Amino acid sequence: MNSFKPEFIEKLKRAESIVFFTGAGVSAESGISTFRGTDGIWNRLKPEELANFDAFMRNPERVWEWYQYRKQIIHQSKPNAAHIAIAEFQNYFNDVVVVTQNVDNLHRRAGSKVIYELHGNIERNYCIKCKTEYNQPDLSFPDKKPKCKCGGLIRPDIVWFGEMLPEDQFSASEAAAQRCDIIFVVGTSAVVYPAAQIPLLAKRFGAYLVEINLERTEISSLADCSLLGKAGEIFPDILKEVKQIRSTEKLNRE
Ligand code: BV8
Ligand code: ZN
């Protein structure tokens with residue numbers, strides 16, 4: 001059982017608005033590789049080879065196959081204790097927002113309701129030419145080329161390097177960051193921009209920044225509270241503290 005410093009417990013007592021800013025590390029205990037850790041995807045593949053538009057136009061079959069392979073892994077995995085505890089926060093606070101860089105849909109599957117996806121979602125695809133959506137799970141193409149009926153290429157609805165983030169998701173995330181009392185920065189190396197601006201914005205607007213990671217990161221120097229360890233082990237303990245606070249409040253009211 002993790003113990004937390006009194007200042008953090010005090011913040012939990014007073015907080016109304018919570019943001020969870022998550023990266024690949026929150027899904028690691030679901031068996032999904034991170035990008036830059038020891039088993040990181042980018043150690044084996046270079047992002048420029050696969051996660052960008054030119055790479056896709058050069059070899060759509062290869063990039064498409066890579067995403068179908070990752071989607072298969074995601075379908076075989078399930079939300080872990082961190083996703084589930086994060087979703088449960090909704091029962092104890094009125095304003096809970098998940099801002100995720102992940103494309104794996106696990107926060108939604110865990111029951112989180114307000115989720116902003118800064119880098120898209122692997123379950124969604126669309127035609128580059130006519131924008132028709134192709135979100136059915138088992139898409140297959142005879143010659144492996146992801147082709148729309150209009151002849152255009154179908155691509156994953158994922159933000160690649162060099163591409164803009166979805167404006168509506170990003171501005172809603174900025175608004176949540178500006179109003180939150182606590183921002184949990186979970187399982188992210190915080191090196192990818194502009195997503196990594198969100199925790200900085202929250203901090204600038206007075207939020208208490210709690211970092212949960214296996215190691216120190218680019219954002220650790222800004223953290224008010226750094227919890228080193230696995231998100232799937234730390235979050236259930238934070239949730240226990242929240243439940244304790246709420247039951248004491250209830251007793252005091254009676
Ligand atoms: C844009 C989709 C311009 C693909 C992704 C130089 C300086 C600054 C910026 C740049 C630069 N050169 C280029 C840029 C811009 C670039 C960028 O930021 N590059 C970085 C790498 C330097 N950004 C972009 O290109 C963005 N677009 O800038 O457009 C523009 C502007 C205007 C108009 C037109 C264009 C687009 C960025 C989005 C790229 N897409 N993914 C795919 O998924 O296939 S990025 C990729 O990184 C993923 O989305 C991922 O979510 C994201 C961040 O990675 P993390 O989630 O943090 O994962 P990582 O593995 O790094 O870290 C995991 C952490 O978890 C570790 O710290 C580990 O310790 C921890 N952990 C592990 N296990 C656990 C754990 N923690 C807790 N518990 C555990 N169990
Ligand atoms: Zn089309």
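When a ligand or atom number is given, it counts from 1 through the structure's own listing order. If you're wondering where the values come from, they're calculated on a predicted model, not measured in any experiment.
- The contact set between ligand 1 and T188, taken as ligand atoms under 4.0 Å from a residue heavy atom, comprises 55 (P), 57 (O), 64 (C), 65 (O), 67 (O).
- The contact set between ligand 1 and E215, taken as ligand atoms under 4.0 Å from a residue heavy atom, comprises 67 (O), 69 (O).
- Contact annotation for I158 and ligand 1: only side-chain heavy atoms (C-beta onward) come within less than 4.0 Å of the ligand.
- Atoms of ligand 1 found under 4.0 Å from any heavy atom of G23, numbered from 1 in the order shown, are 56 (O).
- Residue E65 places its CD atom among more than 12 non-hydrogen atoms of other residues, nucleotides or ligands, all under 6.0 Å distant.
- Of the N and O atoms on the side chains of E123 and H75, at least one donor lies less than 3.5 Å from an acceptor on the other residue.
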For this session: Let me see the working for D224 and K203 under side chain to side chain contact (heavy atoms under 4.5 Å, CB included), right down to the final yes or no.
Result: CA-CA 9 Å; D224 297 293; K203 184 77 187 165; 2.8 Å; yes

For this session: Apply salt bridge (charged side-chain N to carboxylate O under 4.0 Å, His left out) to the pair E88 and R246, showing each step before the final yes or no.
Result: CA-CA 13 Å; E88 265 208 64; R246 292 292 183 262; over 6 Å; no

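- Below 30°, between 30° and 60°, or above 60°: for F235 and F184 the angle between ring planes is above 60°, a perpendicular geometry.
- Within the structure, ligand 1 has G229 among the residues with a heavy atom less than 4.0 angstrom away.
- Atoms of ligand 1 lying under 4.0 Å from any heavy atom of W160, numbered from 1 in the order shown and given with element: 36 (C), 39 (C).
- Near Y67, with a cut-off below 4.0 Å to any heavy atom, the atoms of ligand 1 are 4 (C), 42 (C), 44 (O).
- The backbone of V191, and not its side chain, has at least one atom closer than 4.0 Å to an atom of ligand 1 (non-hydrogen atoms only; backbone = N, CA, C, O).
- Distances between N or O atoms of A24 and those of ligand 1 include at least one value under 3.5 Å.
- Residue contact check: R70 has heavy atoms under 4.0 Å from atoms 42 (C), 43 (O), 44 (O) of ligand 1.
- Heavy atoms from other residues, nucleotides or ligands lying under 6.0 Å from NZ of K131 number more than 12.
- The shortest N or O to N or O distance between F35 and ligand 1 is under 3.5 Å.
- Residue nearest to atom 23 (N) of ligand 1, selected from Y193, F21, W66: Y193 (by heavy-atom distance).
- Of all the heavy atoms of Q101, the ones lying under 4.0 Å from any atom of ligand 1 are found in both the backbone and the side chain.
- In this structure, F4 and F8 have perpendicular ring planes: the angle between them is above 60°, well past the 30° mark.
- In the displayed structure, K144 atom NZ is contacted under 6.0 Å by at most 12 heavy atoms of other residues, nucleotides or ligands.
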For this session: Take R70 and D104 through the salt bridge (charged side-chain N to carboxylate O under 4.0 Å, His left out) test and state the conclusion after the steps.
Result: CA-CA 9 Å; R70 283 173 63 192; D104 59 30; over 6 Å; no

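- Contact detail for A24 and N102: the closest heavy-atom pair is N-OD1, 3.0 Å.
- Other residues, nucleotides and ligands contribute more than 12 heavy atoms inside 6.0 Å of the NZ atom of K71.
- Of the listed options G162, A190, G187, G162 places a heavy atom closest to atom 35 (C) of ligand 1.
- The A28 neighbourhood of ligand 1 comprises atoms 73 (N), with distances under 4.0 Å to a heavy atom of that residue.
- In terms of polar-atom proximity, V159 is counted as a contact of ligand 1, with an N or O under 3.5 Å from an N or O of the ligand.
- Protein N/O/S atoms found under 2.8 Å from the Zn ion (ligand 2): C127 SG, C130 SG, C148 SG, C150 SG.
- Atom numbering of ligand 1 starts at 1 in the shown order; those under 4.0 Å from a heavy atom of E163 are 1 (C), 26 (C), 27 (N), 29 (O), 36 (C).
- The local environment of NZ in K11 is sparse, with at most 12 non-hydrogen atoms from other residues, nucleotides or ligands closer than 6.0 Å.
- Remark: N94 CG is loosely packed, at most 12 non-hydrogen atoms of other residues, nucleotides or ligands lying under 6.0 Å away.
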For this session: Evaluate salt bridge (charged side-chain N to carboxylate O under 4.0 Å, His left out) for E117 paired with R108, printing each intermediate quantity in order.
Result: CA-CA 10 Å; E117 295 171 322; R108 196 176 316 282; 3.2 Å; yes

